[in-house]
There are 4 protein chains.
Amino acid sequence: MSIKELLQELLDSNNSKLVMTEKQLNIICAAIELFSEKGFAATSTSEIAKRAGVAEGTIFRHYKTKKDLLLAIPDCIVELQISKTFFTQLDNILEQPNVSFEKFLRAVISNRKDFASSNMVLIKIIFQELPFHPDLRLKMTESLFKPAKEKLVKIIDYFKDQGQIKDLPSKTIVNFIFTTIFGYMFTCYIAQLDLDWNIEKETENLVRYIMNGLCKPASPTSEFS
Amino acid sequence: MSIKELLQELLDSNNSKLVMTEKQLNIICAAIELFSEKGFAATSTSEIAKRAGVAEGTIFRHYKTKKDLLLAIPDCIVELQISKTFFTQLDNILEQPNVSFEKFLRAVISNRKDFASSNMVLIKIIFQELPFHPDLRLKMTESLFKPAKEKLVKIIDYFKDQGQIKDLPSKTIVNFIFTTIFGYMFTCYIAQLDLDWNIEKETENLVRYIMNGLCKPASPTSEFS
Amino acid sequence: MSIKELLQELLDSNNSKLVMTEKQLNIICAAIELFSEKGFAATSTSEIAKRAGVAEGTIFRHYKTKKDLLLAIPDCIVELQISKTFFTQLDNILEQPNVSFEKFLRAVISNRKDFASSNMVLIKIIFQELPFHPDLRLKMTESLFKPAKEKLVKIIDYFKDQGQIKDLPSKTIVNFIFTTIFGYMFTCYIAQLDLDWNIEKETENLVRYIMNGLCKPASPTSEFS
Amino acid sequence: MSIKELLQELLDSNNSKLVMTEKQLNIICAAIELFSEKGFAATSTSEIAKRAGVAEGTIFRHYKTKKDLLLAIPDCIVELQISKTFFTQLDNILEQPNVSFEKFLRAVISNRKDFASSNMVLIKIIFQELPFHPDLRLKMTESLFKPAKEKLVKIIDYFKDQGQIKDLPSKTIVNFIFTTIFGYMFTCYIAQLDLDWNIEKETENLVRYIMNGLCKPASPTSEFS
DNA sequence: TATGAATGAGGCTTCATTCAT
DNA sequence: AATGAATGAAGCCTCATTCAT
């Protein structure tokens, strides 16, 4: 499903604080598409208007500046409840009896794959523009990164309590997982480096890599500090 | 050392195919700095000229278009022999007797840290602009990514032969390592997300994570497929 | 009293040909304020709408174009009977026995001071926009300047008949008086040049200046031609 | 002579700090003409470019913003040494033996007339825009109004010492003279109110008005306070 | 070779005005 | 009558690039 369909559905469901006219939806979706394709700075408002099928002036009735369009994207992400569904699904997993860390990891990653197809455009924008827009960074950190991290830390604590994973600081573990998965996504989807992977198999490998590292199991495992 | 000092040194040493006037050096360095700070599309040639201390027209005497400036950066990276020194250092490590995979990993990562200080600007540009410039992608793939991968695959093969690491496809392993380290770098340096890490300790943890994953060593380790 | 209060009062009194809804009053007053503050060309209709507390479209229901708003201001001035009250007051003065030219002058000037507080905004607009809008000039000339001049000429004739003032053409005298007082107002209120005058004293001096000029009274006064 | 010819002459004479290319001269002159005709806010940069015969972008190479064009006009006035020639001429008059205040006044006013023909455009702009641009007001006050006033005060002091004019504060007298002459100029040239005056005769009357006021000489002259 | 003035296309944004509701 | 979303022309300004010097 495209971003536009997702947002449309969200608006129709009246489950959201977002209030948007048809045209405003067209505008933000066109902006998302184009920012994702060409980058924020290389996209012109006239292009956005053309793709949205509105007059250029109409953009500025809804978003005071071009930058505001960029800063509206995090709101979409939040309202799309991407993280909420994400974590709801994780909660469901955790509620099952005898959930292993492996099961959890696989859920995270496969979740990310569903993600990718529809939300990759959003993720691309966010990560491409983060380095250049401190205000975007702030907004994302406050409304997404921080809450997500806290939630994940709790989950990791749970597995640590169960003795399923090593006794590293939970924050460190979260960073590792995030970092690994993100690096993977970047390589595939953002940098578009052709990795000609068999996705199924590689995902499997990725899970095992995160769980068991690269060492031979027999090798004497030095404890983490 | 700044990029400019590195390039200056390189030119003085006559060890390079690069032939540059003083001014040309100023130009490319100014461009590198600015592209890194603000992104390619958001940097103007007049800004570059100002920082380089040359007239605007001078830029276009050396580089036909602004884009050519961007495409000249990979050449700098190649000529700076960043990868060459990188791999030379790795070779040195491998030539030592009884080199462990752990030692190798630590070398790679600490290498990356030296890297960061002087070459991060280059890396930032490359990864930020890769998604938008297929020609840049092609150039980087041909002149750097492919050779680097091949070299790494050989190294990984060596450790596999030694029985130090798991029997996964070498390409997969290289991707894991690259992906993990890159994800880490991105989070810290490029997205500038504040991770308040104790770098020393975290590096140590990173090494162990790559080697041994996150599972408790006691847990029954399912074999990789 | 502000312009709005004056117009409100006028409308409530039913003594005027002006028929205005509450909103229309808000619009014209907002326009007057803003034209006075920033000039006609630099004021936007959206600003006017905002200050008037109406929708942008509402303005154009009452005034076909922005220019029509400007051309409506002379009507306000006329309907506010500014000149009428002005001249009524003068008439009252003239009806008193033994009115001196000095008394008259002082009345004109102090009148102008009361004026200033509430009507300066209107005067500012008129004089600032006169040079650029021939239609405004025409309207003002026909409906205000000409009748005012005629009235003043009659008054001056009266004083000339009484032998109180010199035997110059009445039109010339009116021009002098107008010109002197207007110059003074412009310097103080419109150009906002800070003259740090003691207003009371300077007004006194202004009266005497107009009456007796700057020459020492003893000096041989050459007759006017 | 037009402003352009005056500036051209000035530049050719190398007697000025102003350094201007041919195009820059065209731009500032076009701007002066148009600001004078239509007002600053109602003049577009594309119009200026067209009249100056340059590309629109060229304007912004010489003047960072449209407002800077406006603020450059006082510099032209200063460099044209309008005030300098003005005061030099006055000095010449004062150096003659037995100069009367009358002679001086007549010189001021006739001077203003020469002025009018070529410099009225500049004066129009200044006075029309003063109310809206505090920075313009500041610049004009510092570089012209203040020095001019000081000079005039000295001159007036001279005539007071000679016993030719009344013992009013010199500042007050200067204000009266300025105010009267300016009011006259405004009425004629700026508001373009048609006064159908015989200029020769009216100037004569203006001089006498300033000197002797409007009262019959026989009338008992009350002293100034 | 180096300059920097000049260009004009195009960028972002504002504006007066219209029109369906 | 009133609204305010929509428009597209126009406004100010920046840009990459050219070219005479």
Side-chain angles (χ1 to χ4, degrees), chain A residues 20-24 26-27 41-50 52-69, chain B residues 21-24 26-27 40-50 52-69, chain C residues 21-24 26-27 40-50 52-69, chain D residues 20-24 26-27 41-50 52-69:
Chain A
M20 278 196 195
T21 67
E22 172 77 13
K23 299 216 178 240
Q24 195 173 354
N26 290 342
I27 290 167
T43 301
S44 75
T45 51
S46 82
E47 255 176 311
I48 297 171
K50 212 173 288 165
V54 301
E56 202 171 348
T58 307
I59 293 176
F60 294 91
R61 171 159 299 279
H62 297 286
Y63 302 93
K64 261 166 96 77
T65 65
K66 187 188 166 194
K67 181 103 185 239
D68 283 353
L69 257 175
Chain B
T21 65
E22 171 78 11
K23 288 194 188 274
Q24 196 173 355
N26 289 343
I27 290 168
F40 173 77
T43 301
S44 73
T45 50
S46 82
E47 253 176 314
I48 297 170
K50 208 175 292 165
V54 302
E56 273 205 70
T58 308
I59 291 176
F60 293 91
R61 180 152 303 283
H62 295 287
Y63 303 92
K64 249 168 97 75
T65 67
K66 185 186 165 194
K67 181 105 184 235
D68 284 351
L69 257 174
Chain C
T21 66
E22 171 78 12
K23 290 197 187 272
Q24 196 173 355
N26 289 342
I27 291 168
F40 172 77
T43 301
S44 73
T45 50
S46 83
E47 254 177 313
I48 296 171
K50 208 175 292 166
V54 302
E56 274 204 72
T58 308
I59 292 176
F60 292 91
R61 181 152 302 283
H62 295 287
Y63 302 93
K64 250 168 96 78
T65 67
K66 186 186 165 193
K67 180 105 185 235
D68 284 352
L69 257 176
Chain D
M20 278 196 195
T21 66
E22 172 78 11
K23 298 213 179 241
Q24 196 174 354
N26 290 343
I27 290 168
T43 301
S44 76
T45 51
S46 82
E47 255 176 311
I48 296 171
K50 213 172 288 166
V54 301
E56 200 171 349
T58 307
I59 292 176
F60 295 92
R61 171 158 299 280
H62 296 287
Y63 302 92
K64 260 167 97 75
T65 65
K66 186 187 165 193
K67 180 101 185 242
D68 283 353
L69 257 176

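Just the heavy atoms: all of them, side chains too, but no hydrogens, waters or symmetry mates, feed the values below. Residue numbering restarts at 1 for every chain, and letters A, B, ... go by the order of the sequence lines.
- Considering every non-hydrogen atom in both Ala49(D) and Ile59(D), the closest pair reads N-CD1, 3.7 Å.
- When the C1' atom of dT7(F) is taken as reference, atom NZ of Lys23(A) falls 9 Å away, rounded to whole Å.
- A close approach under 4.0 Å does occur between a side-chain nitrogen or oxygen of His62(D) and OP1 or OP2 of dA6(E).
- Tyr63(D) has its OH atom 13 Å from the P atom of dA5(E), to the nearest Å.
- As rounded to whole Å, 10 Å separates atom C1' of dA2(F) from atom CD1 of Ile27(C).
- Base-pair partner of dA20(F): dT3(E) (Watson-Crick or G-U wobble, both distances under 3.5 Å).
- From Tyr63(B), atom OH reaches atom OG1 of Thr45(B) across 14.0 Å, with rounding to the nearest 0.5 Å.
- Between the P atom of dA5(E) and the CE atom of Met20(D) lies a distance of 15 Å, rounded to the nearest Å.
- Among all heavy-atom pairs drawn from Ala41(D) and Ala41(C), the shortest one is CB-CB, 3.7 Å.
- For the pair Leu69(D) CG and dG11(F) P, the computed distance is 15 Å after rounding to whole Å.
- Taking a pair to require two hydrogen-bonding distances under 3.5 Å in either a Watson-Crick or a G-U wobble arrangement, dA9(F) pairs with dT14(E).
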Could you encode protein contacts along nucleotides 16-21 of chain E as a string, one character per nucleotide from 5' to 3', using B for base contact, S for sugar-phosphate-only contact and - for no contact, with a heavy-atom cut-off of under 4.0 Å? BBB---
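- In this structure, Glu47(A) and Thr58(D) both approach DNA chain E, and ranking their closest nucleotides by distance from the 5' end singles out Thr58(D).
- Taking atom CG of Asp68(A) as the reference point, atom C1' of dT13(E) lies 12 Å away to the nearest angstrom.
- Rounded to an integer number of Å, the gap from Ile59(D) CD1 to dG8(E) P is 13 Å.
- Computed from coordinates, the Asn26(C) CG to dA2(F) P distance equals 11 Å when rounded to whole Å.
- By the 6.0 Å and 45° rule, Lys67(C) does not stack over the aromatic ring of Phe40(C).
- For the pair Lys66(D) (side chain) and Thr43(D) (backbone), a donor-acceptor distance under 3.5 Å is present.
- Counting all heavy atoms, side chain and backbone alike, Lys64(A) lies closest to Asp68(A) at CB-OD2, 3.4 Å.
- Counting heavy atoms from C-beta on, the side chains of Ile27(D) and Met20(D) never come closer than 4.5 Å.
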